[in-house]
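Okay, structure first, notes after.
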Amino acid sequence: MLPIYLYGHPVLRKVSAPITPEYEGLKELLEQMFATMYESEGVGLAAPQIGRNDRIVVIDADPVKDSFPECEGKKFVLINPEIEVLDGETVTRSEGCLSLPGLSENVPRVEHIRVKWLDENLEPHEEVFEGFLSRIFQHECDHLEGKLYIDHISMIRKQLIKGKLNNMIAGKIRCDYPVKYAPKKR
Ligand code: NI
């Protein structure tokens, strides 16, 4: 498995580049990303979280099917995904991220989206999602824009977790899976 880059690392804040047919080693990278996601018990992982600013996401939402039936058997490789918001309805729910271990916050997300993407063979797909699956897609696609879920929470909540975030940046947290801390500031 690959180490997961933690909050504070600049790679998580960059806009990722689209994948072209010439991209090398995609199959191997996808295998490593799935292995890393399963090992760290996540339901989604975006390439910036393993230190690569490439528009690649892996999702396997099946482990949360008991709470969210829409997630049963839902496994995806997303290359160059694009999200279209279908209506203004939003739902607020608790969310976490492998790059922010030990934290979870309520995050408002739009409920209905249409997603276009390429699969591992660069074949195009298009599908409408709702519920927790819609949330996972939005969370992972945010990573490709250099955004994190804490960017969607209130200033007050952000203030309340500031100590934890600073500890993360300083590398003063323990984690069950291999991680890469932010580079030390001089
Ligand atoms: Ni995340």
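Remember, it's 1-based here, ligands and their atoms both numbered in the order they're listed.
Protein N/O/S atoms closer than 2.8 Å to the Ni ion (ligand 1): Cys97 SG, His139 NE2, His143 NE2.
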Anything under 3.5 Å between a donor and an acceptor, one on a side chain of residues 67-75, the other on a protein residue two or more places apart or in another chain? List them.
residue	atom	partner	partner atom	Å
Glu70	OE2	Phe132	N	2.7

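Partners of Tyr38 according to the side chain to side chain donor-acceptor pair (under 3.5 Å) rule, which considers only residues two or more places apart in sequence or in another chain, are Asp60.
Residue pairs meeting the side chain to side chain donor-acceptor pair (under 3.5 Å) criterion with at least one member in residues 124-144, sequence neighbours excluded: Glu95-Arg135, Glu95-His139, Arg109-Asp142, His112-Glu130, Arg114-Glu126, Asp119-His125, Ser134-Gln138, His139-His143, Asp142-His152.
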For the pair Leu165 and Lys158, evaluate side-chain contact (heavy atoms from CB on, under 4.5 Å) and give the outcome as yes or no after the intermediate values.
CA-CA 9 Å; Leu165 292 177; Lys158 195 142 186 202; 4.3 Å; yes

Given ring pair (Phe, Tyr, Trp, His ring centres under 6.0 Å), test Tyr181 with Tyr7 step by step and report yes or no.
CA-CA 8 Å; Tyr181 295 106; Tyr7 177 74; over 10 Å; no

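Within the 4.5 Å cutoff, side-chain heavy atoms of Pro178 are placed close to those of Met1.
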